[in-house]
Structure formats: structure tokens, C-alpha cells
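Below: one structure, written as C-alpha cells.
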Amino acid sequence: MRMTVSVIKADVGSIGGHTKPSTAMLDSVRSEVARAIDTGLLIDGFVCHTGDDIAILMTHTQGEGSREVHQFAWNSFLKATSIAKAAGLYGAGQDLLVDAPSGNIRGAGPGVAELTFEHSLSGVRPAESFMVFAADKCGPGAYNLPLYLAFADPMYCAGLMLPQMIKGFSFHIIDMDNTAGDSVIELDAPEEGYRIAALLRDNERFGIDRIVSRTHGEPAASVSAQRLHSIAGKYTGKDDPVAILRNQGIFPAPEEIVSPFAKAHFVGGDARGSHVMPLMPVPINTAVTGLYCLPIVSCVGFSIDREGRFSESHTDFFDNPAWDEVRRSAQRKAIEMRSQGWSGAAMLPYSELEYGGFRDTVGGLMKRFKMRDERRPQAAE
Ligand code: 13P
Ligand code: MG
Ligand code: MG
């Protein structure tokens with residue numbers, strides 16, 4: 001069977017500020033998912049939240065960009081928005097940027113990551129397991145470094161030295177500044193590893209969109225790389241990307257995929273989407289209450305049976321004491337960074353500042369700059 005795994009996430013309202021959705025909102029989305037499974041639109045589904053973002057994970061046979069699946073997710077978010085509005089929650093409907101998108105909702109606000117593959121539990125995939133990452137208070141390129149290390153650096157993924165991975169992976173990288181359409185370059189690791197790094201170092205402009213096995217042509221990863229700012233033309237909330245990664249066998253193992261997150265690397269995002277702070281791995285369904293709201297990332301794993309149904313329970317990868325040390329390190333890094341307040345590297349550069357208001361403040365001051373008399377440029381003779 002040709003099966004698609006889709007994860008669609010949106011922030012449509014949260015309690016006490018931008019912390020977490022309400023139980024009533026989550027219940028509503030869960031009952032919509034249960035109904036869609038009953039009607040046969042979805043094979044299976046799972047709903048969780050990371051900070052204020054609700055993620056709907058789905059398996060189905062409708063393909064990527066399916067009108068029905070996307071509209072289903074949009075309508076579920078609309079219902080959750082009504083609940084948020086009625087309860088006076090913060091940012092109700094925040095990520096639903098257009099009025100009534102027709103069909104595919106990529107580019108309409110919610111983050112979308114989808115992978116389609118032949119699902120038969122045979123050949124190179126005798127078992128199908130995958131993991132879903134969701135990050136909150138974070139820019140779109142938050143996965144650039146960890147996924148590069150997991151899929152292109154044997155220091156992090158020893159599996160890359162094995163025959164089924166030694167040819168490497170193809171990285172599809174999207175230029176998120178180009179809003180006219182999806183502008184994508186395909187670069188092969190390991191040969192073009194330095195070129196891949198030259199793009200991925202810029203987390204705000206270039207993002208991994210997809211990773212594909214060069215040996216088997218099988219898709220390994222899909223990321224919701226988009227910039228809400230570029231879509232809306234103004235700051236409406238941070239991008240908070242999601243990603244789906246298949247693991248084991250012809251792909252890196254879960255431990256190889258999660259190990260780069262031990263860096264708690266600095267990402268753009270955090271308060272007002274305008275700061276630079278470390279990314280802290282947390283269990284799913286964690287509220288954002290940390291120092292200066294601290295960017296967080298969750299990771300949940302599933303297996304799928306022959307019919308495309310999820311295993312009876314999931315694995316919450318970062319819900320383990322092994323990650324406590326990383327969380328402490330993230331917290332230490334955060335306190336260090338926050339100790340320099342607004343200065344230099346602690347905030348995003350002017351061109352990337354998300355809050356329009358910061359630019360308005362600087363723009364207003366620009367008008368008050370005056371040339372000093374003694375060095376005033378001479379009028380052209
Ligand atoms: P969200 O995108 O998660 O709503 O965060 C926005 C923000 O500005 C946090 O300060
Ligand atoms: Mg929010
Ligand atoms: Mg959010």
C-alpha cells in the first residue's frame with residue numbers, strides 16, 4: 001500500500017499566555033481525529049502538544065498535500081479556535097493566517113510535514129518505525145544542525161559507515177525567503193557536505209525540507225520548513241517547526257537521530273521570536289514556562305502495523321532521566337545568554353527581528369539622526 005504519514009500543527013490558542021492549549025481544545029481535536037478514523041479518511045491518528053502548538057499525526061492513503069486531509073486538519077483547528085475564543089484564551093486562531101484555504105494548507109499558517117512510501121513490511125522495511133519532532137518558540141531552521149549531524153556525520157551516526165547507508169543521503173534544502181513558491185536545491189552528502197553546511201548554517205533563511213536515502217531512494221525525513229513571517233508579511237508567532245523521520249535499518253537509529261540534540265544548540269526564537277536561546281529537549285505535552293520562554297523540542301516514536309495503524313502506545317524519547325543533564329546544560333546556557341539581555345548575539349540581528357515593533361522603534365529613531373557640522377558631506381561641486 002502507498003501510505004502517507006502527515007503531521008500538521010498549529011497554535012490556535014493557549015492558557016495564561018503562550019504556554020499550552022486547553023484540555024477542551026485537545027479533546028475536541030482528538031474527537032475529530034477519532035471521527036475521521038471512523039469515516040475512513042484516516043487510518044490512524046495521534047494528537048499531542050508541544051508548548052502552545054497542537055500537532056495532529058495521521059496515517060492515510062490520500063497522498064501528500066491531500067485536499068481532504070488538509071481540510072480536515074484545518075477544520076479541526078478551527079473548532080479548537082472557537083473553544084479557545086469562547087474561553088478567552090491567548091492567541092486564539094493565531095496560526096490560521098488565511099480565511100478559507102482551498103485544498104492544501106501549506107503556506108496558510110499551520111506547519112506541515114509529510115512522507116509517502118510503499119508500506120508492505122517487507123524488503124528493505126520489514127518493520128516501519130518513525131519519530132516526530134515538534135519544537136516551540138523556535139525558528140524554522142531549528143533542525144538544520146541536528147539533522148545534518150544525524151544524516152551526514154559519522155561522529156554522530158556510526159550507521160553511516162554501514163553498507164546500506166555508506167552512499168549517504170540527499171538533502172533537499174528550501175530557500176524560505178522565496179515566497180513565490182518552493183525554491184529547492186538537492187545536494188548529496190557526503191560529497192557536497194560542505195556546501196550543505198554553507199546553506200544550513202543560516203537557520204533563518206535555508207531549511208532542510210526533505211532527506212532521501214541515496215541507496216534506496218526511500219524518503220527518510222520531512223520538515224515543515226517555512227517562515228510564517230514571510231507568509232503573513234508581519235510577525236504573527238514563531239514558526240515552531242515539526243519533522244517526521246523514519247528510523248532503523250536503512251536509516252539512522254533513534255539514538256543516532258536524537259544524540260545531536262544533546263548539544264542544546266542555540267536557535268533563533270524565544271521571547272517575541274526575536275532572541276537566541278538554547279533548544280531544550282522535553283517530553284511531549286510540556287507547557288512553555290521556562291526562562292524567557294526557552295525554546296523546547298519534543299520527540300515521539302511509533303511503529304506501524306501492516307494496515308498502517310500505530311502501535312498501541314508510543315515512545316516519548318525525551319521523557320527519560322538521561323535527558324535531565326541536557327536540560328540542565330540548556331538551562332545553564334540560557335541563563336548565561338540572558339545575562340547579556342539585549343546585547344549583540346543575545347538577540348536576532350535587525351534583519352531577522354520578528355517583532356515589527358522593534359523595527360518601528362529603531363525606524364523612528366533613524367529620523368532623529370543628524371550629521372555633525374564638522375563632518376557634514378560637501379555638496380557636489
Ligand atoms: P508562539 O509562536 O509559540 O506563539 O510564540 C510567540 C512568541 O512571540 C513568544 O514570545
Ligand atoms: Mg503562541
Ligand atoms: Mg508556538
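Each ligand, and each atom within it, is numbered from 1 in the order the structure gives.
S66 and H60 are not linked by any side-chain donor-acceptor pair at a separation below 3.5 angstrom, with hydrogens and angles left out of the test. Checked by atom type, the side-chain pair S129/N247 shows a donor-acceptor distance below 3.5 Å. Side-chain atoms of E114 and H70 include a donor-acceptor pair closer than 3.5 Å.
D95 lies apart from the Mg ion (ligand 2) in this respect, since none of its N, O or S atoms is found at a distance under 2.8 Å.
The shortest N or O to N or O distance between D11 and ligand 1 is below 3.5 Å.
Close approach of ligand 1 to D240 is summarised as follows: ligand atoms under 4.0 Å from at least one heavy atom of the residue are 1 (P), 2 (O), 3 (O). Atoms of ligand 1 found under 4.0 Å from any heavy atom of Q94, numbered from 1 in the order shown, are 1 (P), 2 (O), 4 (O). Applying the 4.0 Å criterion to heavy atoms of D136 picks out, from ligand 1, the atoms 3 (O).
In this structure, R272 forms no cation-pi arrangement with F358, as its terminal cationic atom is not both closer than 6.0 Å to the ring centre and no more than 45° off the ring axis. Under the 6.0 Å distance and 45° angle rule, R338 counts as a cation-pi partner of Y292.
Proximity of G273 to ligand 1 is established by a heavy-atom distance of less than 4.0 Å. The shortest separation from a heavy atom of A271 to ligand 1 is under 4.0 Å, placing the residue in contact. Assignment of D270 to the shell around ligand 1 is supported, since a heavy atom sits closer than 4.0 Å.
Taking the Mg ion (ligand 3) as the apex, the angle formed with OD1 of D136 and OD2 of D240 is 80°, to the nearest 10 degrees.
Checked options D270, D52, D240; the residue passing with K137 is D52 (criterion: salt bridge (Lys or Arg N to Asp or Glu O under 4.0 Å)). Considering T4, N104, T116 as possible partners of E64, the one that fulfils the side-chain hydrogen bond (donor to acceptor under 3.5 Å, both in side chains) test is T116.
Within the 6.0 Å centre-distance limit, the rings of F133 and F261 are counted as a close aromatic pair. Ring pair F310/F46: centre-to-centre distance not below 6.0 Å.
The nearest heavy-atom contact from the protein to atom 6 (C) of ligand 1 is Y235 OH, 3.1 Å. Ranking the protein heavy atoms by distance from atom 10 (O) of ligand 1 puts R272 N, 2.7 Å first. Scanning the protein for heavy atoms near atom 2 (O) of ligand 1, the closest one is K238 N, 2.5 Å. Protein heavy atom in closest approach to atom 9 (C) of ligand 1: H18 CE1, 3.3 Å. Ranking the protein heavy atoms by distance from atom 3 (O) of ligand 1 puts K137 NZ, 2.6 Å first.
Between W323 and F318, the ring-plane angle classifies as perpendicular under the 30° and 60° cut-offs.
Sorting the N, O or S atoms of D52 by how far they are from the Mg ion (ligand 2) puts OD2 first. Atom OD2 is the N, O or S atom of D11 at the shortest distance from the Mg ion (ligand 2).
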